[in-house]
Amino acid sequence: MHPYRSVLFVPAHKPDWAHKAVASGADCVVIDLEDSVPAGLKEKSRETARQTLREVRSRNERVGLFVRPNALDTGLTGGDLETVVGPELDGIFAPKIRDGRDVVRWETLLDWFELRGGADGLEMIVPVEMVDAIVNCYEIAAASPRVSAMIGPTSEHADIARAVGFRQSPEGSETLYLRSRILLACRQYGLHALTALWEDLADLDGLRAFADYGLQLGFRGQIVIHPSHVPVVHEVYTPTDDEVAYHEGLVAAVESATAEGHGAVRYRGQHVDLAHADKARDWLAHARLVRGE
């Protein structure tokens, strides 16, 4: 999966919001057929979503395009996928997954509708919304090559808060364990690690601090629910020129020391060695992808 910094949700029945989401510069847009669409509008919203996908893709080849269908136990999933899966689509945001068996059920549906709809290589972003999913996160991460990203759960009011019963704090310490499990599962299986959303639309300083804490933990991007959050999240998750220069200099210093027969060297006042250089090379590889270099 491309290392999306921002994954922005828009309701399927409001196509103008999707175009505003793309205009905001979001790396990825998820057209939502699930929680943000009233029950009476769900069937009509499928066709709206399909048309929106075509319009957005015709104007923008870069942006990631995903759809969140309704969950497997609703009876609506097949109809959603029948309508929205096409060559414009990059993947599915698969809700209410509990274990690896649910992943395989989604995978089977995608195998079928991918062939019917002319899509190819559809990926799955898996949100961790259920207690079962937290417990089974390693099983979920390993269940299918289509799983390309998982989301470390946070939110004040969404499914995970109800399932676990926590009270959200600005610093997010109550979800540290939950998010850390997901982060380690992502690292174990090479998935893109996303942290979940900041719900206070007006508090951009709070958003910046929350995103920075996610970066500190090891996450590489974030779910967002408003276009105004995109620039802040991008600022946090985009490596700076100074950071790139630091890591490039570190690698060069260690390589020079190694050539002279040394295993370690002082670099900007710090002790660095081969392990530091390996970490810096990994960091630089990610940074170049994010920065489009």
Side-chain angles (χ1 to χ4, degrees), residues 4 6-24 26-97 102-103 105-120 122-127 129-130 146 149 151 155 157-160 162 194 196-197 199 201 223-230:
Y4 301 127
S6 58
V7 178
L8 176 56
F9 269 74
V10 295
H13 62 298
K14 297 185 177 182
D16 289 348
W17 289 26
H19 296 293
K20 291 177 181 177
V22 175
S24 76
D27 288 344
C28 178
V29 174
V30 178
I31 298 175
D32 185 25
L33 290 165
E34 196 203 23
D35 288 345
S36 65
V37 177
L41 297 178
K42 285 187 181 289
E43 287 198 25
K44 183 178 179 182
S45 293
R46 293 170 178 165
E47 293 295 340
T48 304
R50 180 74 179 128
Q51 184 60 33
T52 301
L53 289 167
R54 289 172 176 153
E55 291 176 358
V56 170
R57 183 56 78 213
S58 69
R59 301 173 188 176
N60 191 309
E61 287 294 321
R62 176 198 59 82
V63 67
L65 287 178
F66 282 66
V67 168
R68 177 164 72 170
N70 288 281
L72 293 170
D73 60 2
T74 64
L76 300 172
T77 313
D80 291 344
L81 295 176
E82 176 75 38
T83 304
V84 302
V85 171
E88 303 84 9
L89 196 63
D90 291 305
I92 297 298
F93 192 100
K96 307 299 189 290
I97 283 179
D102 282 345
V103 173
R105 291 169 70 193
W106 278 101
E107 180 183 49
T108 302
L109 288 169
L110 291 180
D111 287 347
W112 172 250
F113 288 109
E114 195 174 70
L115 288 172
R116 288 172 62 88
D120 181 58
L122 293 178
E123 299 178 317
M124 292 171 59
I125 297 175
V126 177
E129 305 169 282
M130 320 293 288
R146 289 191 186 273
I151 300 170
S155 77
H157 301 294
D159 293 311
I160 191 66
R162 183 180 63 192
L194 295 161
L197 63 155
E199 291 180 297
L201 299 183
I223 305 301
V224 292
I225 54 174
H226 194 272
S228 67
H229 288 191
V230 171

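The analysis underlying the following values was restricted to heavy atoms, covering all of them including side chains, and did not include hydrogens, waters or symmetry mates. Residues take their numbers from the sequence shown, with the count starting at 1.
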In this structure, SG of Cys28 is separated from CD1 of Ile223 (nearest 0.5 Å) by 8.0 Å
Could you tell me the separation between the CD1 atom of Ile151 and the CG atom of Leu194, rounded to the nearest 0.5 Å? 5.5 Å
Is there a side-chain contact between [X] and [Y], using heavy atoms and a 4.5 Å cut-off?
X: Lys44; Y: His13; answer: no
X: Asp32; Y: Val10; answer: no
X: Asn60; Y: Leu65; answer: no
X: Leu81; Y: Ile92; answer: yes
X: Val84; Y: Leu53; answer: yes
X: Val63; Y: Asp27; answer: no
X: Val103; Y: Met124; answer: yes
X: Val29; Y: Val56; answer: no

List the steps, then state whether salt bridge (Lys or Arg N to Asp or Glu O under 4.0 Å) holds for Arg68 with Glu34. CA-CA 6 Å; Arg68 177 164 72 170; Glu34 196 203 23; 3.2 Å; yes
Please assess Leu122 against Leu89 for the test side chain to side chain contact (heavy atoms under 4.5 Å, CB included), listing each intermediate value before the final yes or no. CA-CA 7 Å; Leu122 293 178; Leu89 196 63; 4.1 Å; yes
Give a yes or no answer on whether the side chain of [X] reaches the backbone of [Y] with a donor-acceptor pair at less than 3.5 Å.
X: His229; Y: Leu201; value: yes
X: Asn70; Y: Leu33; value: yes
X: Ser6; Y: Leu8; value: no

What pairs of residues pass the salt bridge (Lys or Arg N to Asp or Glu O under 4.0 Å) test when at least one of them lies in residues 77-94, not counting sequence neighbours? Arg46-Asp80, Arg50-Glu88, Arg57-Asp90, Glu82-Arg116
Are side-chain N/O atoms of Gln51 and Glu55 paired as donor and acceptor at under 3.5 Å? yes
For Phe93, enumerate each residue passing the ring pair (Phe, Tyr, Trp, His ring centres under 6.0 Å) test, keeping only those at least two apart in sequence or located in another chain. Phe9
Steps toward side chain to side chain contact (heavy atoms under 4.5 Å, CB included) verdict (Thr108, Arg105): CA-CA 5 Å; Thr108 302; Arg105 291 169 70 193; 5.8 Å; no
Under the side chain to side chain donor-acceptor pair (under 3.5 Å) rule, collect the residues that match up with Thr48, sequence neighbours excluded. none
I'd like to know if Arg146 pairs up with Asp111 as an ion pair, taking the criterion as any Lys NZ or Arg NE/NH1/NH2 lying under 4.0 Å from an Asp or Glu carboxylate oxygen. yes
